Q: 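One structure, pasted below without further comment.
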Amino acid sequence: MLASLVAQAAQLPFDKPIIDFHALAPEIVLVSLMSLVLLVDVFKLEEGRRFIPPLTGIAMLASIIPLISLALDGADRSMFGGAYVVDNLALVLKAMFLLSGYVVTLLASNYLAEGDFWESEFYLMMLSSILGMVVMSSSRDLITIFVALELLSIPAYLMASWEKRNLRSNEAGLKYYLMGVFASALMLYGMSLLFGVSGSTLLTDIGAAISGGDSSTPIVTLGIVLVIVGFGFKVSAVPFHSWAPDTYEGAPTPVTAFLAVASKAAGFVALIQLVFIGFLGRADVVEPMMWVLAAASMTVGNLIALRQTNVVRLLAYSGVAQAGFMLAPFAVVGTNAEDALTAVVTYVLIYASMNLAAFAVVIAVSRKTQSGEVSSFGGLFGYAPGLAVAMTIALAALAGIPPLGGWFAKFVVFRALVAADSAAGYTLALVVAVNSVIAFYYYGMVLKAMWFSDAPDGDTSPIRVPVSLVSALTLTVAATILFGMFPGLIGHFTGNLQGLLAAAGG
Amino acid sequence: MWLNQFLILGALLFCIGVYGVLARRNGVMVLMSIELILNAVNINLVAFGAFHATPAGQVFALFVIAVAAAEVGVGLALVLLIYRNRSSIDLESVDLLKG
Amino acid sequence: MKDFLNDWGLTTMVFLPLVGAVVMMLIPKAEEELHKFIALLTTLVVGVVGVFLTANFDWDRSKDLQFVVDKGWIDVIHSRYTVGVDGIAMPLILLTLLVVPLIIIYSWNHFPEPHNPKAFLILMLVLDTGMIGSFVAQDLILFFVFFEVVLLPMYFMIGVWGGEQRQYASIKFFLYTLFGSAFMIVAFLALFFVTGAETFNMVDLARLVRENDVARNTQILIFGGMFMGFGIKVPMFPFHTWLPDAHTQAPTQGSVILAAVLLKLGTYGFVRIALPMLPEGAMWWAPIIGGLACIGIIYGALGCLAQTDMKRLIAFSSVAHMGYVMLGIATLTDFGINAAIFGMVAHGLITGMLFFIAGSVKERFHTLEIARLGGLLKQAPYMGWMLGFTSMASLGLPGLAGFWGEFPAILSAYNPAEGLNVGLFRFYMFIAALGTVLAAAYLLWLFQRTAFGTPKEEFAHEHVHDAHLTEWIAWLPMLVLIVVLGFLPVLIFGMTSDAVQVVAQALGR
Amino acid sequence: MLAAEAGAAASAGWFLENAWLFPAVPFVSFLLILFFGRKMPKQGAEIGITALAIVFAGALIAGAQWISHVNAAESAHGTEETHSTDETHGTEEEGHSTEPGTTEDGTHSEEGTSTEESHDEGALAVSGGGRSVVLGPSLALPMAEEGGEAHASVPPVISEWKSDWWTVGGIDFQVGTFVDGQAVMMLFVVGLISLLVHIYSTDYVHGDIRYTHFFAFLSLFTASMLLLVLANNLVMFITAWELVGVCSFALIGHWWEEQNNSNAALKAFLTNRVGDMGLLIGMITLFFTAGQGRTFNIYEINVAAASGTVSDTALTVAALCLLAAVMSKSGQFFLHTWLPDAMAGPTPVSALIHAATMVVAGVYMIARMYPVFFEGMSIAGGSINAVALIGAITTMVGGSLAFVQRDIKKVLAYSTVSQLGYMVMALGVGAWTAAMFHLMTHAFFKACLFLGSGSVSHACNHSFDMKTDMGGLRKYMPKTHATFLVGTLALAGFPLMSGFWSKDEILAGTGGFGLSEGANGRYSLMLVMGLITGGMTAAYMTRCYWLTFMGEWRGANSPNAHHGAHAAAHDDHDAHAPAGHDAHDAHDAHGGLPHESGPRITTPLLILAVLAFVAMFANIPGQFGFVPEGWRLRFEHYIEPKGEYFPAISHAEFSPVIAILSLIAAAVASGLAVAYYRKVEAQDPMGTELVDGPTSKAGLPKVAYNVLANKFYLDWLYTDVIVGFVKGPLARAANWFNQNVLDGIVNGTATVSKRIAGFTYTVLDQQVVDGVVRGSGIGASETGGLLRRMQNGRVQGYAALMFAAAAVLAGVFVLAI
């Protein structure tokens, strides 16, 4: 039995994989430091525990160093037969995930320390989730994608219910988990079908197979739809968004920030790879489907957001709508792949900075008000003008007001849609246009509370903002402004992305 | 080739799983239904792998099994947590968060 | 000096206010005098730069862009930091440079509740940057960014320092404008792609549209997008409903700046962007714009007649006045466009002045309800006469600035650009002329009820201070300019005439 | 700085070339009064008077220079023509000489050039020096004007600023002045009357709280009016046109504390604004149609219109539009209703603005743009046209309405309307010179009457009510009485008064029934209406005079005799008077008897009265052979333009028939009026009207008795029926129509437009347009609320949604693709 297996295996074309350690350096650094965090925790080095948050932060930042060296090196690296690719896109995304992770660490450290939480395990969870995202950035293979997805998701389920004795937190975690697992299952079923059609798990092979002669087989269509559904869940696109508001509201706020930014971005990263490398040949399915998802996400997300009174929940729906904006370029992927890719990546990067800024303020404010209600922001401008201005910048950026980051994100989306020069593109552009107006209405509700209303309880004592939060705020707000004023900064990355499709073997 | 039979089996399992996920109110049963879907996937993968004479299907299936184990572990933990806090694992009653 | 102006003049002018704002952010809130001083100084320095630029402006080449700076900005979308001024932008820039310091002077001890000069002045400076930037931008994307920069400060100015309905008014203002600009940006992009341009440079795009013979229907659609963006800003009927609310609720300074400069961004956009780039689209849209402009003229006037609130009345009058500007633009003739630019400047000065006075009246009587006012001439004769004078200017009295915005616009409607329906435009001319009568009616009616007569019982025994020193300083330049421009219209026409001919030629005239 | 252009010889005269100084001086005075007036010892009045004195002196010199300019032009022309044409036909030559502007004959003009340098008798044109001229037969043949050479061309003096005023689309526009005889005449009239009014006002509004303002605005008004007169192009013209309107607005509303006054001011301005619309459209039409290029230049437009190169349609449209402007500015039917209301202003203002100068701006404009009207209305050879008809109707309407006013100023105001109608009618029938002549004479005597009424009111507790506060004043105010009488006679058309001559020229100019030779057409209807109005004028002026100066003074019984009762004044004018009067007036103290006004008031009256008489010499009919030729038709000779910018109009002869007819009409009418008021006086010395009118007689038995008792009712017929009918039902009907229908339309327009405005705003704007906006907002929010319900918190529901969506999407794509 075993012998026959070995014999069988020997006949299989099994090449010893060439492992490019430079390419894997970020992951290796991250895993190493993650292990250190684990060890510190496991061996109950009590005095060491307070170093865990800084250690986590260092882990993120340290992992960026090899990214820089890779970027300087510039060459695209491909491993495992093309299943794992380190190119500029991957580098940019990894950097984004690591930086987001760093910011979330900053956000979480005081929050966790002051609340009823297990601390050190949390950072471990977060590190492994980030690791999943980092891996996701390089995945060009169904299996890698699946593993990366689970690697980033499973810790996230736990993090969402991290406040063990809080029913809401439990519920948030459970819902997230159930929906997540169900979505994964659907996605896997779709993947199995795609695998069945192409006989390979490599995206490039799948792409080649399904864009072939019999590419219109229903089985492929079904597979694509199911896979997109799976990641539609991840990016909280309507109608797969239902979990997001509940989870966001119930989960500890730093986790929400993490989910809303990093996790969602990871979903988009996966979608980018699947769609641009795998499904480009089946634009006839992807385009309309994405059109529907984008339009529905924007509209439904915005409309429901209009009626929210809780800031976190409002940001959740705003995130749904933002996902719609980010999905929009996918709707013209067949005619205008390059612009669409640029648009999505740009949007994701800018979205990360501005949304994190918004959450940072929410966390800072709730330190005082212990509430997530919009009304609790009343009079903020009066007693904490700095926070109010930061929140204003974040929200205005989300709304797409120049010269703050969001405008460029929206702009590239418009650009991609218009450049497609198709009816679908123009109509979706109009939907985006209308929705960006609606969106301001609810962002405006928060602005209104901060600037125009008085503090609800008349308490105008200043908010004590810890250093970590201040640095998180500074980082994100500065990035938001810089991205807006000098979109060229991102332009440089995205500019380099142009050749990515070819590099990835698309 | 006996591909279609496997696929039909997989599809059936998938459907049963989906039904279970949507219809059972017991958290544990929902978890089990998800396992059914994953197993449907595994059957598909293995069948297709055999069909294409590639080990990738089996490898994929192995990964799915492993990950599913982890997932269910987390899932059970969450259900337990809920049970501990609410003394119930009726999913219908878990609706504090809505709107 | 010359080199500095050529390379950095415009950039300094645009971003100096922003620098001032940043400096002010770093200074504690309590240092109110310092804040005021910095803000004023900044705007004055900007003004001085503007004066130097004007002095070095080559008037013989006013149709060309001057002081052009062209630097890379967003390479990935081929957008560049291109700024420059020509005869069309110059008057509007000068208007901005003048009005903003005056507003700051006026604010000196008029800060509306909840006070906070720091925030107020910072917003004012940011606005300044946005406004000047819009007028100098020669790249569509750059223009768009500056165009939008003004939104937030204005939103907060209305929302924080405004009247009772300020929240409603501010969000309405914001959403309306945002709605328009979303369409506008789509139009810009479409223009970019249909021309196959590798640039957003306005001049190049206009040339490319011509060279590539962009189809008429395409032009019409793209023009439509721009129309939404600019038309809402102007605002044109039926997109005007944000304006009365915004004006009425905004603090005096906000109303002034809104009337004096912000509305001009829309009309300027038509003249600078929509017309020269999309001549055929303009042809198709011209009768519609003209019609809406005429409706706006009459409608605004009727709206005025129905008002009971002084400020709201003035706000509605803006709808009517901008109708003349748009009518001038819709004729697509050099007369009409020149008139439009003059009208922008004149309206800026006159309506700005009216809002100033309304603000001061409000400050003294704590109401702007016309029925409760009366006898202003008795209690504050200088203010009363200024109101009368400005009303006269506003109703288009020849010899004052307002006339030169209206008259050539009406004139041009007699003989619109070739290809437009002459009969229709003559009808517009008639309507516009009718509008002058209505304008006289509502303005004099306002003047009669607020300034004539005797003060109402409730205010009869109140001591009302006539214009303060700061008010005098803020108002005199505007009043003087209203007269000077009325007497010497060549001051504006001389700037614009050549540059407008370029636009008119682009339109095939 | 200034360039003399347009063919004027270098010697055209400094004042003519630098005519911009005329408006500039009073404008500077306006600024000075505005800024320093309060600090001056006389509160600014002295600045204004000085400025006006300068203007007036300048106007005199300008007049002189113009006369020499005309003469020079003629001599130049004459020398040209001498050899070619004349010499040969001597008789026609003489015939020509009786005709206006035909002194081109070599002999005449040669004489003319050298002689007259010294002239200054007050009126410009009167000053024709003693030229020895050939005395032609007084009734020569009407001239058939063949060929252009009939007129010596007298180029106007046009000066333009070299630098642009404005420039658009490659067309540059300059400011400039356009001086010709017409303008010079107006300079004189405006300068003189404004000066007199200034002097008069120093007493009249003495002590007023806004004394300085008053003078400032008088100065501004004068400046604007002079600008209007001198405007070189239509844009300047409309500028001045509206500026005078503004001054009128400000001065009518001088006592703006009273709502009535400000209402009147508003009404005046708005009514004028309606007309301005016409001016605006008219000038735009001309801009695009007249001349080669686009021009606002009046001279060029006139040349184009006169040369017939402009399409008739365009000219007609332009003329009609401009006529609308005339109707409002010059108070023509049916836009005249603002003018009586404008009497709410101080009396000097009424005299200056609303009688002598501003209101004739419309007339002046027709005269200025005459080719446009002449060609546009096809005046030559016609029998009716819009201008003439409007004028004729106005003249009758104004005349009849003057009957029923009890306010002396309103009588004069309606009279002004009527007289303006005359002028417009004159222009409508082609009697250009007659119109301008009447304009001038009317300015003198109407200013005299207005100022006289002010003087009267000054004496009568600032009331203008003839019935309650006046009567018998001749005893108390001899100077005022005398001057008022002269004015009345002149207005009534009493022979030997200027009004008679000017009116008669107009009537002759109609050429009605062919009664006069040389008219431009046969405007019979105009003649009839003009004659009737002549009678009416005589009658209502007699009434006015009688009520004011004859009989007994009724003021002692009047409630107005006592100050507390000021408010009881019925009419809405300045009964409320310059506030300062209360403090300063002495006459109130000495028993309330009226007394003569001071010298600053009476002197202007005297001057004007003299002029009202003397002005008749300005245009002695050409047929009056007993007058030296050089004294005849001087007005026509110097004032009427000669040149290609003026149409070829013919000139009506003096018609004895018409003169006699109008004389009869005036005499009969005033006789009847005198008879009526004698009867009234007999019945009730203090009464003002018959208590029992003809309608109250009832009962057959009484009839016979009454017939006898009333001398066969002849007396009654004359006094009660005719006068009574005219005075009573007819005039009342007219008044009713005026007050209720016309004024109702004007006021109703205001009300209706406010209603429409209200509807537009509340319903259309706030509910529909804004409603759509708000509705979409609410709609979005409500939809959001609905969608929100789907988010019910049940995780399996979410999963079901997810799966259902996936299934639907998959189904759709699998089936569709």
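The chains referred to below are lettered A, B, ... by the order of the sequence lines, with proteins before strands, and numbering in each begins at 1. All values derive from a computational prediction rather than experimental measurement.
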Q: Taking everything shown except A/Tyr441 itself, do over 12 heavy atoms lie less than 6.0 Å from its OH?
A: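 Count not over threshold, so no.
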Q: Measure A/Leu178 against the heavy atoms of chain D and call it side chain, backbone, both or neither at under 4.5 Å.
A: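 Contact with chain D involves the side chain of A/Leu178 alone.
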Q: Identify the two heavy atoms, one from A/Leu226 and one from D/Ala806, that lie closest to each other, and give their separation to 0.1 Å.
A: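 Closest approach of A/Leu226 to D/Ala806: CD2-CB, 4.4 Å.
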Q: I need the single residue from A/Val225, A/Asp284, A/Val286 that forms a side-chain contact (heavy atoms from CB on, under 4.5 Å) with D/Phe813. Which is it?
A: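 Answer after filtering A/Val225, A/Asp284, A/Val286: A/Val225.
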Q: Please name the pair of heavy atoms, one in D/Ala799 and one in A/Phe182, separated by the smallest distance, quoted to 0.1 Å.
A: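 Taking every non-hydrogen atom into account, O-CE2, 3.6 Å.
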Q: Can you tell me how far apart CG (D/Leu787) and CD1 (A/Ile304) are? Round to the nearest 0.5 Å.
A: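 These two atoms lie 5.0 Å from each other.
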Q: Which region of A/Leu293, side chain (C-beta onward) or backbone (N, CA, C, O), has a non-hydrogen atom less than 4.5 Å from a non-hydrogen atom of chain D, or is it both or neither?
A: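 A/Leu293 touches chain D through side-chain heavy atoms alone.
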Q: Please answer whether the main-chain N or O of D/Gly793 pairs with a side-chain N or O of A/Lys175 as donor and acceptor at a distance below 3.5 Å.
A: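 Judged by distance alone, yes, a pair lies under 3.5 Å.
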Q: What's the verdict on side chain to side chain contact (heavy atoms under 4.5 Å, CB included) for A/Leu186 and D/Phe803, showing C-alpha distance, side-chain angles and the deciding distance?
A: CA-CA 9 Å; A/Leu186 293 181; D/Phe803 184 74; 4.0 Å; yes
Q: Counting heavy-atom pairs closer than 4.5 Å to chain D, which one of A/Thr299, A/Leu306, A/Asn302 comes out on top?
A: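 Looking at each option in turn, the highest pair count goes to A/Leu306.
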Q: Report which part of A/Val300 has an atom under 4.5 Å of a heavy atom belonging to chain D: side chain, backbone, both, or neither.
A: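 A/Val300 touches chain D through backbone and side-chain heavy atoms alike.
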Q: Hey, what do you get for OG1 (D/Thr783) to CD1 (A/Ile438), rounding to the nearest 0.5 Å?
A: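 Rounded to the nearest 0.5 Å, the OG1-CD1 separation comes to 9.0 Å.
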Q: Please round to the nearest 0.5 Å and tell me the distance separating atom CD of D/Gln791 and atom OH of A/Tyr317.
A: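 Atom-to-atom, D/Gln791:CD and A/Tyr317:OH are 3.5 Å apart.
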Q: Apply side chain to side chain contact (heavy atoms under 4.5 Å, CB included) to A/Asp246 and D/Tyr798, showing your working.
A: CA-CA 11 Å; A/Asp246 294 1; D/Tyr798 301 168; 2.3 Å; yes
Q: For D/Glu782, which atoms come within 4.5 Å of any heavy atom of chain A: side chain, backbone, both, or neither?
A: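 The answer is both parts of D/Glu782.
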Q: Considering all heavy atoms of both residues, which atom of D/Val814 and which atom of A/Thr221 are nearest to each other, and what is their separation?
A: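 Scanning both residues completely, I find the closest heavy atoms to be N-CG2, 3.9 Å.
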Q: Is it the side chain or the backbone of A/Ala183 that comes within 4.5 Å of chain D heavy atoms, both, or neither?
A: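 Contact with chain D involves both backbone and side-chain atoms of A/Ala183.
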Q: For A/Phe240 and D/Leu809, which heavy atoms make the closest approach, and how far apart are they?
A: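 Smallest heavy-atom distance, with atoms named: CZ-CD1, 4.2 Å.
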Q: Say whether, by atom type as modelled, one donor and one acceptor occur between the side chain of A/Arg307 and the main chain of D/Arg788 under 3.5 angstrom.
A: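 Side chain of A/Arg307 to backbone of D/Arg788, a donor-acceptor pair under 3.5 Å: no, none is there.
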